[in-house]
Amino acid sequence: MIPRTRRAGEPAPWQQALAGAVRDPAELLALLRLPRALLPAARAAARRFPLRVPRGFVARMRPGDPDDPLLRQVLPLEAELAPQPPGYGPDPVGDDAASCTPGLLRKYRDRALLVTTGACAVHCRYCFRRHYPYAEASAGPSRWRAIVEHLAGDGGTEEVILSGGDPLTLPTPRLAALTRTLCGVPGLARLRIHTRLPVVLPERVDGELLAWLARLPWQVVVVVHANHANELDDDVAAALAALAGTGAVLLNQSVLLAGVNDDTDVLAALSRRLLACGVLPYYLHQLDRVAGAAHFAVDDARARDLHARLRERLPGYLVPRLVREVAGAPAKMPL
Ligand SMILES: *Cc1c(COP(=O)(O)O)cnc(C)c1O
Ligand code: SF4
């Protein structure tokens with residue numbers, strides 16, 4: 001099929017898919033033929049952190065199953081509104097303290113993280129950034145120049161990480177303008193992109209994005225985020241293969257989530273499926289203690305046990321590092 005040429009100003013297909021995401025809990029329940037009894041709690045929890053899930057991701061869920069591992073990541077639940085255990089708060093990873101200039105987080109040596117946008121294609125209920133003050137803290141184009149000057153002044157930035165939110169929700173011309181500005185960072189060797197879009201909205205990996213990636217003057221690392229093998233269907237596999245075709249190194253990070261992937265078989269299947277898609281597992285994160293997410297927590301002893309059994313089952317390169325982010329620590333901490 002010959003792709004139809006887009007008229008000037010017409011949104012790209014991925015932008016239409018992004019804008020058409022499901023946001024109404026009633027519609028999500030209807031699409032999956034789930035009981036209406038789930039609706040009042042879903043509505044109440046969505047008032048704190050709105051529901052948002054692309055239709056292609058919904059299509060990978062099992063209809064009629066309220067415990068589907070993909071659904072659990074996005075369905076607002078009553079448990080989010082329950083009193084949270086001690087230690088759960090709005091900024092569990094110390095982002096406020098690590099912000100050196102608006103939009104820039106510098107926690108670790110030689111790496112600087114840019115909060116490019118607050119927008120995401122999907123709202124993950126466990127996300128540590130559900131309370132993050134994006135409007136004040138993300139780096140719009142007006143702040144890029146100041147950030148580059150800050151990095152040039154500090155020196156020693158080998159790697160810039162584009163994060164958010166999700167940087168790939170930005171239009172490609174905007175990303176290209178950002179990377180042109182980053183050419184002013186002396187000694188920059190790597191660009192890393194932290195994104196869930198190739199998984200939840202594989203349409204995003206279009207010719208324009210691939211051309212931008214292929215022309216970057218740095219080594220490129222794309223870290224995607226999938227928590228369960230069911231997320232990686234054939235469309236996602238094709239998008240990941242196309243990304244790898246630009247020369248980018250592909251890694252995955254997951255979050256250990258009760259009721260989603262706190263099971264050795266599930267984690268092993270995820271690692272195998274990632275490899276089949278050309279992606280190596282990088283991190284398995286212990287949940288950040290963000291208020292509203294305590295029902296996803298897996299205690300450390302069980303997490304270590306799951307991880308030990310995973311090491312027995314898989315070749316070493318398919319075992320992700322089990323880590324926790326500790327505010328103020330010089331690296332992600334192994335458990
Ligand atoms: C997680 C993180 C990084 C990247 O850490 P790696 O261990 O290199 O993956 C960099 N900066 C910040 C602020 C982070 O939170
Ligand atoms: S930042 Fe990542 S984990 Fe958080 S809501 Fe966005 S896609 Fe999900």
Side-chain angles (χ1 to χ4, degrees), residues 18 21 23 46 48-54 57 70 72-76 80 91-101 103-132 134 137-139 147 151 157-170 189-201 204 221-228 231 249 251-257 260 280-288 290 292-293 296 320-334:
L18 185 69
R23 296 153 190 259
R48 297 243 183 119
F49 183 52
L51 167 75
R52 185 177 185 120
V53 53
F57 197 72
L70 278 56
R72 278 189 67 86
Q73 297 178 49
V74 301
L75 179 66
E80 296 175 29
D91 180 25
V93 294
D95 276 353
D96 284 344
S99 181
C100 24
T101 183
L104 186 67
L105 294 179
R106 192 125 201 215
K107 289 187 189 170
Y108 310 138
R109 260 196 69 166
D110 302 338
R111 284 151 289 169
L113 184 145
L114 263 174
V115 180
T116 54
T117 170
C120 286
V122 62
H123 285 175
C124 311
R125 307 312 298 178
Y126 52 84
C127 182
F128 72 100
R129 283 188 171 136
R130 51 185 286 159
H131 307 286
Y132 194 68
Y134 285 112
S138 66
I147 284 173
L151 291 175
T157 303
E158 279 179 27
E159 179 166 334
V160 166
I161 302 171
L162 305 186
S163 184
D166 198 311
L168 295 192
T169 59
L170 297 174
R190 297 183 300 277
L191 184 78
R192 194 192 316 181
I193 303 173
H194 279 181
T195 177
R196 194 144 155 69
L197 259 81
V199 173
V200 299
L201 199 101
R204 177 64 185 98
V221 181
V222 178
V223 183
V224 298
H225 169 182
N227 302 311
H228 193 285
E231 293 173 48
V249 171
L251 303 172
N252 179 66
Q253 47 185 346
S254 306
V255 182
L256 185 58
L257 298 167
V260 174
L280 286 177
Y282 178 39
Y283 280 142
L284 176 62
H285 293 272
Q286 254 303 32
L287 184 79
D288 294 319
V290 60
F296 284 115
R321 301 161 182 77
L322 178 64
V323 292
R324 154 164 292 131
E325 181 150 1
V326 178
K332 306 270 189 276
M333 298 314 270

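Note that ligands are numbered from 1 as they come in the structure, with each ligand's atoms numbered from 1 the same way. Just so you know, residue 1 is the first one in the sequence shown, and it goes up from there.
- Here the closest heavy-atom approach between residue Ala121 and residue Pro54 is recorded as O-CD, 3.4 Å.
- Taking the six-membered ring where the residue is Trp, Phe296 and Tyr126 present perpendicular rings, their angle passing 60° and hence far from 30°.
- Residue contact check for ligand 2: Asp166 places no non-hydrogen atom closer than 4.0 Å to it.
- Close approach to Arg196 involves these atoms of ligand 2, each under 4.0 Å from a residue heavy atom: 7 (S).
- The backbone N or O of Ala226 sits less than 3.5 Å from a side-chain atom of Asn252, completing a donor-acceptor pair.
- Distances below 4.0 Å separate heavy atoms of His225 from the following atoms of ligand 2: 3 (S).
- The side chain of Cys120, and not its backbone, has at least one atom closer than 4.0 Å to an atom of ligand 2 (non-hydrogen atoms only; side chain from C-beta on).
- In terms of heavy atoms, Pro50 sits closest to Arg125 at O-NH1, 3.3 Å.
- Of the N and O atoms on the side chains of Gln253 and His285, at least one donor lies less than 3.5 Å from an acceptor on the other residue.
- Here His123 does not reach atom 8 (Fe) of ligand 2: none of its N/O/S atoms is less than 2.8 Å from the metal.
- A donor-acceptor contact shorter than 3.5 Å is absent between the side chain of Arg48 and the backbone of Ala46.
- In this structure, the side chains of Val255 and Gln73 stay at 4.5 Å or more apart for every pair of heavy atoms.
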Tabulating one pair per line, provide the atom names and distances (0.1 Å) for every N/O atom of ligand 1 that is less than 3.5 Å from a protein N/O atom.
residue  : atom   : partner : partner atom : Å
ligand 1 : 7 (O)  : Tyr283  : OH           : 2.6
ligand 1 : 8 (O)  : Arg111  : NH1          : 2.6
ligand 1 : 8 (O)  : Arg192  : NH2          : 2.7
ligand 1 : 9 (O)  : Arg192  : NH1          : 2.8
ligand 1 : 9 (O)  : Arg192  : NH2          : 3.4
ligand 1 : 9 (O)  : Tyr282  : OH           : 2.6
ligand 1 : 15 (O) : Lys332  : NZ           : 3.0

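- Here Cys127 meets the criterion, with an N, O or S atom under 2.8 Å of atom 4 (Fe) of ligand 2.
- A donor-acceptor pair is defined here as one N or O able to donate and one able to accept, closer than 3.5 Å; such a pair exists between the side chain of Asp166 and the backbone of Arg196.
- Qualifying side-chain hydrogen bond (donor to acceptor under 3.5 Å, both in side chains) partners for Thr116, counting only residues two or more places apart in sequence or in other chains: none.
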